Amino acid sequence: MDTDRREGIAAGVLFLVTEVAAVAGLTLYRPLLDGTDYVLGAGADNRVLLGALCEVVLALAVVGTGVTLFPVLRRRHEGLALGYVCVRLLEAVVIVLGLVSVLAVVTLRREAPAASDAGASSFAVAAKALIAVHDWTFLLGPNLILGVNTLMLAVLLHRTGAVPRVITALGLVGGPLICASAVAVLFGRYAQLSGPGTAAAVPVFAWELSLAGWLVLRGFRGASVGAGGTAAVALDAEAGPETGPAGRRWPAVARPS
């Protein structure tokens, strides 16, 4: 198995992990986000902590996709490939910031029973503020920044033909769409977890699933990915050997693009 194939499989698996971890994490700690009553009630700390663990897995998988794809993508456009890794890392950092706020609410809930009635009210206000932090990071990370790195990766793969164009089309449409939706939520046009917000996220979800499936099952179309790779060698071979000084015949070599 060649290097590109292994990296393609690894990236595909990591994309699948991000989807599973994101859905599982939000589902598990969702009760904490429904209201400040969580911090003053019995709570479901173990469930929330398990959801937090899923978020850690999500952040690691997000970074992993960038790292595994970089060696393949940089052979086509190193600047965009590096940019993709950096933006992917930024997305993971924002996810972790939101996760810290969730864990802080758990800490408040554990301390709340020992507080007086006045203190309990302060705990509820603090919990509401921390949940707001999570909501904003959830908007910026898995929406706005996700849209940017989706568009960057889709452009790179579309240019190289490394995966079918029908897959890259999902990213080219989904990336700007989820960015536009995040901006609309930012200015209060509708709630993030609403019909329009969910509809805007569907193309990106389909993009990541289809890309993951293709990479796991088929891998990259290697001849199209690398500049100076197999395709370049074939073109030079067809052109024949070059003529050097004094009529010497040099063997054909791959020219960098």
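Bear in mind the structure is a predicted one, so any value in this text is a computation, not a measurement.
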Legend entry - Backbone N/O of Ala191 and side chain of Ser194: donor-acceptor pair under 3.5 Å: yes
Inset, instruction - Answer yes or no: is there a side-chain heavy-atom contact under 4.5 Å between Thr107 and Leu103? - result: no
Inset, instruction - Decide whether Tyr84 and His77 meet the rule of one side-chain donor and one side-chain acceptor closer than 3.5 Å. - result: no
Inset, instruction - Look only at the side chain of Arg88 and the backbone of Gly66, and say whether a donor-acceptor pair between them is shorter than 3.5 Å. - result: no
Inset, instruction - Indicate the atoms forming the closest heavy-atom contact of Leu215 with Arg5, along with that distance. - result: O-NH1, 3.1 Å
Inset, instruction - Could you tell me whether a side-chain N or O of Arg47 sits under 3.5 Å from a main-chain N or O of Thr27, the two making a donor and an acceptor? - result: yes
Legend entry - Cluster check Val56, Ile95: I/L/V/M/F/W/Y, side chain < 4.5 angstrom: no
Legend entry - Qualifying residue for side chain to side chain contact (heavy atoms under 4.5 Å, CB included) with Leu89, from Val63, Asn149, Val67: Val63
Inset, instruction - Please say which of Leu26, Leu49, Leu99, Leu28 ends up in a side chain to side chain contact (heavy atoms under 4.5 Å, CB included) with Cys54. - result: Leu28
Inset, instruction - Give a yes or no answer on whether the side chain of Trp207 reaches the backbone of Ile167 with a donor-acceptor pair at less than 3.5 Å. - result: no
Legend entry - Validation row: Thr68, Phe15 side chains within 4.5 angstrom (heavy atoms): no
Inset, instruction - Would you check if the side chain of Arg75 reaches a backbone N or O of Pro71 as a donor-acceptor pair within less than 3.5 Å? - result: yes
Legend entry - Side chain proximity check, Val105 to Ile131, heavy atoms < 4.5 angstrom: yes
Legend entry - Any donor-acceptor pair under 3.5 Å from Thr150 side chain to Leu146 backbone: yes
Legend entry - Validation row: Arg110, Val106 side chains within 4.5 angstrom (heavy atoms): yes
Inset, instruction - Would you check if Leu69 and Glu7 make a side-chain contact, meaning some heavy-atom pair closer than 4.5 Å? - result: no
Inset, instruction - Kindly indicate, with the supporting measurements, whether the criterion side-chain contact (heavy atoms from CB on, under 4.5 Å) is fulfilled by Ile145 and Val87. - result: CA-CA 7 Å; Ile145 299 175; Val87 177; 3.6 Å; yes
Inset, instruction - Taking the side chain as every heavy atom from C-beta outward, state whether Leu211 and Leu153 have any pair of such atoms under 4.5 Å apart. - result: yes
Inset, instruction - Verify the distance criterion only: is there a donor paired with an acceptor across the side chains of Asp135 and Gln192 at less than 3.5 Å? - result: no
Inset, instruction - Determine whether Val62 and Leu144 fall in the same hydrophobic cluster, where Ile, Leu, Val, Met, Phe, Trp and Tyr are linked whenever their side-chain heavy atoms lie under 4.5 Å apart. - result: no
Legend entry - Note, Phe205 side chain near Ile178 side chain (heavy atom, < 4.5 Å): no
Inset, instruction - Show your working on side-chain contact (heavy atoms from CB on, under 4.5 Å) between Tyr38 and Asp45 and close with a plain yes or no. - result: CA-CA 10 Å; Tyr38 178 89; Asp45 289 354; 2.7 Å; yes
Legend entry - Heavy-atom side-chain contact between Phe123 and Arg109 under 4.5 Å: no
